[in-house]
Amino acid sequence: MSFSAATRSALLIAKKDLAIEAKTKDITVATSYFAGLVTVISALSFYMDTSSAAKIAPGVLWVATAFSGLMTVTRSWAREREMNAMRALLMAPISRASIFFGKSLSSIVFLLIIECVLVPLVGLFFHVDISVLPAVAVFVLLGVVGFAFAGTLFGTLSVRSSARDLTLSVVIFPLITPALLGGVAACRELFHGAPLADLQGWGQILLAYDLMMAIAGWLLFDLLVSE
Amino acid sequence: MSLNKVEGRQLVKRFGRTRALAGVNVELRAGEVTIIEGTNGSGKSTLLSLLSLIAKPSSGHLRFDNRKVRASDRSRISVLSHEPMLYADLDASQNIDFFAKLVAAKKERRDSLYERFRIQELDGRPVRSLSRGQKQRVALSRALLSMPALLLLDEPSTGLDEASVELLRDVILEEKERGAVVAVVTHSDSFASEIADQRVRLHRGKRVEA
C-alpha cells in the first residue's frame, strides 16, 4: 500500500472517530469534567500560598492528563469493540499501520480538547503566571502525542483481553513514565520562572519518546491485533 | 478479482494448550455454498477466522487458487457475523459511507446496496437503536460493498425474524450465482438445507462425516 493511500485511510479513520465524538461527546465532555474535578479538588485540598501552588501545579496537571488520557484511549477502543466493528476494520484492505495512526490522531485531538480546559483551569486555581502558559502548552502537546501513540498501541489489548481496563492500566502507566516525568519536570521549571530556552533537553526527551512510540506502533500494531 | 478455489490443508490452530482445530482439510469452490456445522466449541468460528485471514494457522496451509494466501487477499474477503461489525453511534448511511471509502467501493455499488437494503429509511438513528433485522440489513450492505470473491458468514441468521432470514437466504443465493465462494457457519439445519451445496461437519476440532 502506498504512503498516500495509507495516509488517506488513517485520516478517514480519524474523521470517523471525530464524527462519532461530535454526536456523542462522551469522551471530551466526561473526561474534561473529570480533569476539571481533579484540579478543583486538588486546589481545595492543598490550601496554599502562591509559592507552594507553583510546586503543586505540575503534579496536578500531569496526574489529570495521565488519567484523562487513559479514559480517552479506553473509550476510543471501546467503540471499536462494541458490535465488533474492529473486525470489519481489520478485514479492510488497508495497512494495519494506518489504523494505528488514524486512532492515534483522533486520540490526540480528543486530548488536546481536554487540555484546552485543563491547562487554563490549572493556571487559574494554582495562580500560574499567564505568560508561561504558551510554553506549558508546547510540553503538554509533546506529552499528549506520546501518550496517544502509547495508549493507542496498547489499547488494542483492551479489545482482545477480557480484563480490559486492568490490562491497559497495568501496561500503559509504566510505558508513559518517560513522557510524564519529562512533562512534570519541564512544567516545574517553567512555573519557577525558567526560560523556555533552558528546557530544550526535556523537550528533546519528549520528542524522542513520541518518535519511539510512533515507530513502535508502526512496527508492532499488526502483531498485537493478529490472532 | 474472482476466486475459483479456497483450499485449507491440515489446518491446526492452537490457543495456548487448547487445540481449536486439529488438522482440518477443506475445499471451497466458486458458485457453491459450503455449510460449516458442528456443536459449540467444535472449531467452526476458528475455521472461519482462518479463512478470513484474521487469524493465522498454527500449522497447515491455506491456498487461494493454488497459491499461498497474501495479506492483499483481504481485499477479496468479506465477513458477516451475528454481530453487525458496525459503529453503534453512527447511523446506517454514515456506517456504509465510511466502509465504502475504506474499501474504495464504487458509488454505483454503494447506491445499489442503499436501494436493495432500504438503508435511507434507517437513517437519523444510531445503529445501536435499530432492531436486529435492521442491523443485519446494514451489515449486509457493509459486507457486500467490495463485491467479495469470498463471503464468510458466521451464524448470520441468529435472532432474525422470518422476513430477515428470507432476505439473507436470497442474498446468499445471489452471491453464489454471481460466482462468489460462500461459506456459512450455522446451527440452523433448515436454513442450511435451503442453501447448501456442500457440508463440512466439525467435532472437537476435527472434520467428521457430514
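When reading the values below, keep in mind they use all heavy atoms of this one structure, side chains included, and skip hydrogens, waters and symmetry mates. In what follows, chains carry the letters A, B, and so on, assigned in the order in which the sequence lines appear, proteins first and then strands, with residues in each chain numbered from 1.
Looking only at distances, no side-chain donor or acceptor of A/Arg87 sits under 3.5 Å from a matching main-chain atom of B/Met85. Remark: the backbone N or O of B/Val24 is not paired with any side-chain donor or acceptor of B/Lys206 at under 3.5 angstrom.
Annotation for B/Ile36 and B/Leu51: closest pair CD1-CD1, 4.3 Å, computed over non-hydrogen atoms. Scanning both residues, B/Thr39 and B/His187, for their nearest heavy atoms gives C-CE1, 4.4 Å. Between B/Pro156 and B/Arg132, the shortest heavy-atom distance links the atoms O-NH2, 3.5 Å. Among all heavy-atom pairs drawn from B/Phe64 and B/Leu150, the shortest one is CZ-CD2, 3.8 Å.
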Between A/Phe149 and A/Val145, does a side-chain contact (heavy atoms from CB on, under 4.5 Å) hold up when you go through it step by step? CA-CA 6 Å; A/Phe149 283 141; A/Val145 169; 3.5 Å; yes
Hey, mind stepping through B/Ser59 and B/Gln10 against side chain to side chain donor-acceptor pair (under 3.5 Å) and telling me if it holds? CA-CA 7 Å; B/Ser59 66; B/Gln10 292 300 313; over 6 Å; no
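Annotation: salt bridge (Lys or Arg N to Asp or Glu O under 4.0 Å) contacts of A/Arg96 (sequence neighbours excluded): A/Asp222.
Residues of residues 92-111 of chain B having a heavy atom under 4.5 Å from any heavy atom of chain A, listed by number: B/Gln94, B/Phe98, B/Phe99, B/Lys101, B/Leu102, B/Val103. Among the residues in residues 118-125 of chain B, none has a non-hydrogen atom closer than 4.5 angstrom to a non-hydrogen atom of chain A. Within residues 157-165 of chain B, no residue approaches chain A closer than 4.5 Å by heavy atoms.
We find that B/Glu27 and B/Arg9 are joined by a salt bridge, their nearest charged nitrogen and carboxylate oxygen being less than 4.0 Å apart. We find that A/Glu21 and A/Arg79 are joined by a salt bridge, their nearest charged nitrogen and carboxylate oxygen being less than 4.0 Å apart. With respect to B/Arg116 and B/Asp170, no salt bridge is recorded, no charged nitrogen being found less than 4.0 Å from a carboxylate O. The pair B/Arg178-B/Glu175 meets the salt-bridge criterion, since a charged nitrogen lies less than 4.0 angstrom from a carboxylate oxygen. Electrostatic pairing of A/Lys103 and A/Glu80 counts as a salt bridge here, judged by a charged N lying under 4.0 Å from a carboxylate O.
Both the backbone and the side chain of B/Arg128 come within less than 4.5 Å of a heavy atom in chain A.
For the set A/Thr24, A/Asn84, A/Leu89, the count of heavy-atom pairs under 4.5 angstrom toward chain B peaks at A/Asn84.
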